[in-house]
Structures are given as structure tokens and as C-alpha cells.
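First up is the structure itself, then whatever we jot down about it.
We're numbering straight along the sequence, starting at 1. In each ligand, atom 1 is the first atom listed, and ligand 1 is the first ligand listed.
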Amino acid sequence: MFKILVSDPISRDGLEPLLEADNIEIVQKKASEEEDLTQYDALFVRSATKVTAELMNQMPNLKIIARAGVGVDNIDVEQATRKGIIVINAPDGNTISTAEHTFAMIASLVRHIPQANMSVKNREWKRTAFVGSELYGKTLGIVGLGRIGTELAGRAKAFGMRVAVFDPFLTKERSEKIGVEKHSLDELLSSADIITVHTPLTKETKGILNHETIGRTKEGVYLVNCARGGIIDEEALCTYLENGHVRGVALDVFEVEPPEHTRLLEFEQVIATPHLGASTKEAQLNVAYQVSQEVLLFVQGKQVTTSINLPAMSEEAYRKVAPYDGLAQRIGTFLSQLMNEPIRSIEVEYEGSAAEIETSYVTKSLIASFLKQRMDININTVNAGVLARERGIQFIEKVSDRHSGYSSSMTVTINGEHSSSEIKGTFIPHFGERIISINGFSIDFHPSGHLLFVQHTDVPGVIGNVGKILGDHAVNIATMQVGRKEKGGEAIMMLSFDKPLEETTLSSLKGLEEIVTIKAIEL
Ligand SMILES: NC(=O)C1=CN([C@@H]2O[C@H](COP(=O)(O)OP(=O)(O)OC[C@H]3O[C@@H](n4cnc5c(N)ncnc54)[C@H](O)[C@@H]3O)[C@@H](O)[C@H]2O)C=CC1
Ligand SMILES: O=C(O)C(=O)COP(=O)(O)O
């Protein structure tokens, strides 16, 4: 049974795909109120639940965190990645709702609607107290022209506004296509009548509007934040509201939510809503449905498409990757058992059609399979890279235009402190994964089951001696492959059996003087 904890209010209609599925159980309860968190495989949140390392430690079976919305700053994504927990979101389900809410806040701000509303409800009729401004002809400055910023720009232009944009990742071509003016932050600050921010909360965007930058805005500017608290510094807002430089502020988000200690709410010129940008029936249905569909894919063993910490891959792309994913897992597992020493680096070179797939995913799968043999924590393509780097293991990925006789291949080299091992493999439709070379010795076998790798001096009688010892221990050889580089040097044997070799059999084999290396490999 795949158990899902829904910790924030999420549209039940949007959860329909999961509610209808077999072997999926959904519990709607705040994580902080759930006594047994160990039972859950998935956690659904919005912005209220803080998915901290501590919470994840209480959920050892957690495999996927689904954010029914855009911003994931309430989730310790780095920790989730370290733990091999996939984080997904619903990137565009609430875009329109948030853009509309922002525009409503802008219109309310410049016409003092909330204040006028309160006045009339207090039985006042102060028509001259609430003289506002038109939006027509004014300049709207948008910081961050992503999904929401773009939708907002269209609405502002429909109201006859000029739209100035600062977004370091915005191309000139795109700005011209949308019909907005691309500016530096400085130019935007000095020219905009109203400034609104629509970026994620990151190290770069935190306090992008602060004491210094707000000081460079026009006298009487309006500021709007319907993105994330902290993008506009709240203390700086208080300063500029007090001295009148900022005429009004509209906030849907706060540095701390709910905002208990901020002075901002004391100002008449501040209008505020409780993080309502995505709070529409339509947005909530969209985001819940999107994450439900993603988790359903995950449960079915398919690729999720809105992962924050895993290379996004379509089903079609994964179909091309799958054969090499399987090959990588087998090679990684094989090499991890072949080498028992500290590892410095893992190199993977892709050739032929293997070079045309999503190689980063396959490389992570290889690393995960290699490390999995050595660590007792959950390792997968999500955290393999992080865990390898933390152990000082470099991984190098190469794509070669060389063709070594096979239509595709991947060559894996593991460099240890004392030695290196190299395996070359390929995937042949209807034959499956094949290992075609080990440490430069040509061979050809399917890496599966109970195997024995033997590297030995290439002299008469070795194969017979190995065969005799196996016979003496009543071991039946299922398959046997031999390979060498040149006459009279060294050679290898690759054998497979119907069951694992006993330790006593291995010890007897190790006693043969022609044996250089002998390893039992379980795949
Ligand atoms: N109030 C609410 O209920 C909601 C708030 N949000 C917030 O709005 C944010 C934006 O949402 P979307 O537009 O969907 O995200 P998005 O990822 O489509 O757009 C973000 C834009 O910010 C730009 N950006 C990033 N760093 C920047 C910087 N240093 N300076 C200027 N621009 C920068 C990016 O280039 C991108 O164009 C989300 O991250 C979320 O925090 C989103 C939905 C609802
Ligand atoms: O999607 C986002 O980033 C939001 O901020 C929406 O927040 P919510 O899901 O309404 O708590």
C-alpha cells in the first residue's frame, strides 16, 4: 500500500486520480499532528508545512514530496536530495490566479479600495480622502518575468501601461516578443511608478528591494509583493512608508507567515492579503491534479516530469534510456564487488546511440548502483551525485564520437587508491545487456546471476584446474567465457553458476598459483 500524507489543505477533487487508484491510501492531516510519520511514502504540501530535515528524519519511508504549487522554499530540497527523496511541484497550475491577484492588488492600491471600503463601512463618506491614480500611461516595473510576471505584463499592457522588466535570464528577443522593455534593475527602479516582484526567494533575490535600492525608486512609488516575503525587505518598507517616499504597499506574502511582529500592518498605506495568490478553486484544482498525476506516474514506476531535483525526462526519453539504465546498474553493481578499495573517481564514456540519450541520468544510475553496495542508506538517481561528491568521488562523463564496432556502448572506469578497473558494455535488442570487455580483456556475457570473475596467467591447464576444483565441490558450471589480450600474458575467465559459490570452493580456487584475481559477483 502506497501511503500519502496530505499535510496542507489540498483540493480533494484534484486528488481524484489517486483516490481512484488501487493500493494508494490518502490521509489528510497536518504532519505536526500525525503521531506515526514512518508509515508514509509521500508527503503533499502547499506553503504552510515546513518540510525540514527534522521532519524528513521522522519519515524514513518517504520517497516523494509533492508541492501543490510553485515555490519550494518551504522544503529543504538539499536534504531531500541527500536522502534520495524526489521533490516535485506544479509549476503552472496557479499562474493565472496569482497574476490576477497581483493585478487586483495593484488596482486596489492605486485607488485605495480597501481603505475606502473600511471607511464606508464605518458610515463615513470621505470622497476626497481617497482620490487615486489611473494605471493608464503609468510604468509597471516587473522584477522577474517568468510565468506569473509574463501573465501580469499582458494584463498591464491591456490597461495601457508601459511595462519595464528586470530579469537577468530574459533575452532581448523574448522581451520584444512579449512587448515589454528589458531594463537593468537601476533603470527599472528609477522609471517605474509601480514595482512588483515575481521571482523565487533565493540568495540573490532576498532583499533585492532594500534600503539602498528602494532609495533609488521614484518619489511616491507603489511596491507590490505577491511572490515571497523577504524579496522586499520589510524593515526598509517601514522606513520609506514613514518618510513618505513610498506611497503605498500591497503584500500577499510575508517574511514570517502569519505576520505576527511586523510593523508593516500598522501603516494605513499598506494593504494585505493572507497569501491568497493561488487561493482560487481553479488554481487549487489544477495544482492538486498536477501533483496527483505525477505521483501516480511515480507509483507506476514511470518518470515524473516536474521534479525539482531529478533531470526532467519524458516517457519517450526514458524509453530510450531504459536499456542503458539497466546496463549501468549491472555494471555498477559488478564493479563495486570487483573493487574493495577507496574510490577516487568514476568515469563513464558513451559511444554510438548511447551518446544520444539522457546520459546524466544513466551516469547517476551507475553511481547509485556502485555506492549502494557500500552504504546502507537509500541511494538512487536523486542523491547519487551528492553522496558521491560528499565522499570525495569525482565522476566524469564523456561522450565519444568513436565507434568501436558496436552500435552503442558505455565504458566505465573506476579509479581506486591502488588500482583501476574498466568494464565496457552494450545493449543488444533481444539479447539484453552484454559485457564485452573487462580490464581490456575481450569477452561477451550477460551480466546476471551467480558469477565468478577470474584473472590468471595464460598457461596450459588453468581452465582444467579451475574446472576440477569446481567439480570436486560438486559445482555445476552454467556458462563459461574466456578472454585474453595476447598469447602468454594474462587472461580472464567469466563463469556463471546455478547458485552462489560456497566460501570453501572460493578458498580452494584462490589456492591455484596461476590465479591473479578471483571474485564472486552476485547480480
Ligand atoms: N502568492 C502566491 O500565492 C504565489 C507566489 N508564487 C511565487 O512566485 C514566484 C514566481 O512564480 P513563477 O512566475 O511561476 O516562477 P518562474 O520560475 O516562472 O519565474 C521566476 C522568474 O524570476 C526570474 N529571476 C530569478 N532570479 C532573478 C533575479 N535575481 N532577478 C530578477 N529575476 C529573477 C527568473 O528568470 C524567472 O523568469 C514563485 O517562485 C513563488 O515563490 C507563486 C505562486 C503563487
Ligand atoms: O505556489 C506558490 O508558490 C505559492 O506561494 C502558493 O502558496 P499556497 O499553495 O497557496 O500555500
Side-chain angles (χ1 to χ4, degrees), residues 6-11 14 30 44-51 65-75 77 87-106 141-155 164-171 174-175 178 180 182-189 195-210 213 224-232 250-255 257-259 272-288 290-291 306 308 312:
V6 177
S7 178
D8 289 331
I10 288 181
S11 157
K30 281 187 177 303
F44 280 33
V45 297
R46 287 176 57 188
S47 60
T49 295
K50 306 310 173 199
V51 189
I65 299 167
R67 191 326 180 186
V70 181
V72 290
D73 42 286
N74 56 313
I75 300 169
V77 177
V87 178
I88 63 166
N89 73 345
D92 54 16
N94 59 28
T95 299
I96 298 292
S97 291
T98 309
E100 290 182 351
H101 187 76
T102 305
F103 202 79
M105 293 287 262
I106 291 170
I142 300 179
V143 178
L145 196 76
R147 291 173 289 257
I148 294 168
T150 303
E151 289 298 333
L152 179 67
R155 286 155 178 77
V165 174
F166 168 66
D167 185 327
F169 308 103
L170 172 68
T171 62
R174 180 162 176 262
S175 61
I178 297 172
V180 299
K182 180 175 167 58
H183 288 285
S184 68
L185 181 60
D186 263 354
E187 289 163 345
L188 181 147
L189 293 172
I195 299 174
T196 181
V197 295
H198 296 283
T199 70
L201 180 61
T202 64
K203 288 194 296 297
E204 294 76 29
T205 63
K206 185 170 172 53
I208 198 167
L209 295 188
N210 55 31
T213 48
V224 179
N225 187 357
C226 292
R228 272 300 177 275
I231 296 173
I232 306 179
L251 300 172
D252 183 48
V253 290
F254 297 85
E255 290 174 12
E257 295 184 358
T273 48
H275 202 143
L276 293 182
S279 297
T280 62
K281 292 188 296 296
E282 295 84 355
Q284 289 310 306
L285 181 61
N286 290 341
V287 295
Q290 282 180 13
V291 294
T306 62
I308 301 283

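Annotation: the span from Ile308 atom CD1 to Asn89 atom CG amounts to 3.5 Å, rounded to 0.5 Å. Here Thr199 contributes atom OG1 and Glu204 contributes atom CD; the two are 9.5 Å apart, rounded to the nearest 0.5 Å.
Without hydrogens or angle criteria, Asp186 side chain to Leu189 main chain gives no donor-acceptor distance under 3.5 Å. The backbone N or O of Pro9 sits less than 3.5 Å from a side-chain atom of Arg46, completing a donor-acceptor pair. Without hydrogens or angle criteria, Thr306 side chain to Ile88 main chain gives no donor-acceptor distance under 3.5 Å. Judged purely by atom type and a 3.5 angstrom limit, Ser97 has no side-chain atom pairing as donor or acceptor with the backbone of Asn94. Judged by distance alone, with hydrogens and angles left aside, the side-chain atoms of Asp252 form a donor-acceptor pair with the main-chain N or O of Leu276 at under 3.5 Å.
Every atom of ligand 1 is numbered from 1 in the order shown, and the set under 4.0 Å from a heavy atom of Asp252 is 1 (N), 2 (C), 3 (O). Near Ala278, meaning under 4.0 Å from any of its heavy atoms, are these atoms of ligand 2: 6 (C), 10 (O). Within ligand 1, counting atoms from 1 as listed, the ones closer than 4.0 Å to a heavy atom of Gly144 are 22 (O), 23 (C), 32 (N). Near Gly69, meaning under 4.0 Å from one of its heavy atoms, ligand 2 places the atoms 1 (O). Applying the 4.0 Å criterion to heavy atoms of Leu145 picks out, from ligand 1, the atoms 37 (O). Of all atoms in ligand 2, listed by their number and element, those nearer than 4.0 Å to a heavy atom of Arg228 are 2 (C), 3 (O), 4 (C), 5 (O). Using a 4.0 Å cut-off to heavy atoms of Ala278, the atoms of ligand 1 that qualify are 3 (O). Per-residue contacts place His275 under 4.0 angstrom from the following atoms of ligand 1 (heavy atoms of the residue considered): 1 (N), 2 (C), 3 (O). Within the listing of ligand 2, atoms 9 (O) sit less than 4.0 angstrom from a heavy atom of Ala68. Atoms of ligand 1 lying under 4.0 Å from any heavy atom of Cys226, numbered from 1 in the order shown and given with element: 1 (N), 2 (C), 4 (C), 5 (C).
Of the protein's heavy atoms, Ser47 OG, 2.4 Å lies nearest to atom 11 (O) of ligand 2. Among protein heavy atoms, atom 37 (O) of ligand 1 sits closest to Asp167 OD2, 2.7 Å. Protein heavy atom at the shortest distance from atom 14 (O) of ligand 1 is Arg147 NE, 2.9 Å. Scanning the protein heavy atoms around atom 1 (O) of ligand 2, the nearest turns out to be Val70 N, 2.7 Å. Of the protein's heavy atoms, Arg46 NE, 3.5 Å lies nearest to atom 8 (P) of ligand 2. Of the protein's non-hydrogen atoms, Phe169 CE1, 3.7 Å is the one closest to atom 25 (C) of ligand 1. Looking from atom 40 (C) of ligand 1 to the surrounding protein, the closest heavy atom is Arg228 NH1, 3.7 Å. Summary of contacts: the protein heavy atom closest to atom 29 (N) of ligand 1 is Thr205 CG2, 3.5 Å. From the protein, the heavy atom lying nearest to atom 20 (C) of ligand 1 is His198 O, 3.5 Å. Scanning the protein heavy atoms around atom 39 (O) of ligand 1, the nearest turns out to be Pro200 CA, 3.3 Å. Atom 31 (C) of ligand 1 has its closest protein heavy atom at Pro168 CD, 3.2 Å.
Counting heavy atoms from C-beta on, the side chains of Thr205 and Arg228 never come closer than 4.5 Å. Under the 4.5 Å side-chain criterion, counting only non-hydrogen atoms from C-beta, Leu201 is in contact with Ile231. At a threshold of 4.5 Å between non-hydrogen side-chain atoms, the residues Pro91 and Gln290 count as touching.
For ligand 2, the polar-atom distance check finds no N/O of Ser279 at less than 3.5 Å from any of the ligand's N/O atoms. By the 3.5 Å distance cut-off applied to N or O atoms, Asp73 is not counted among the residues near ligand 1. For a threshold of 3.5 Å applied to N or O pairs, the pair formed by Thr95 and ligand 1 contains no separation below that value. The N/O atoms of Gly71, backbone and side chain alike, include one that comes under 3.5 Å of an N/O atom in ligand 2. Considering backbone and side-chain atoms alike, Leu201 places every N or O at 3.5 Å or more from each N or O of ligand 1.
Here the shortest heavy-atom distance to atom 9 (O) of ligand 2, taken over Glu257, Arg67, His275, belongs to Arg67. Here atom 24 (N) of ligand 1 lies nearest to Thr199 when heavy atoms of Thr98, Asn94, Thr199 are compared. With atom 12 (P) of ligand 1 as the reference point, the heavy atom nearest to it among Leu152, Ile208, Ile148, Thr150 is part of Ile148.
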Stepwise, does the salt bridge (Lys or Arg N to Asp or Glu O under 4.0 Å) test hold for Arg147 with Glu151?
CA-CA 6 Å; Arg147 291 173 289 257; Glu151 289 298 333; over 6 Å; no

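Counted by atom type alone, Asn74 and Ser47 present zero donor-acceptor pairs between their side chains at under 3.5 Å. Side-chain atoms of Arg174 and Thr150 form a donor-acceptor pair, as typed in the model, at a separation below 3.5 Å.
Not a single heavy atom of Ala90 sits closer than 4.0 Å to an atom of ligand 2. Contact annotation: Gly69 has no heavy atom less than 4.0 Å from any atom of ligand 1.
Considering every non-hydrogen atom in both Leu188 and Phe166, the closest pair reads CD1-N, 3.4 Å.
Within the 4.0 Å heavy-atom criterion, the part of Asn94 lying near ligand 2 is the side chain and not the backbone.
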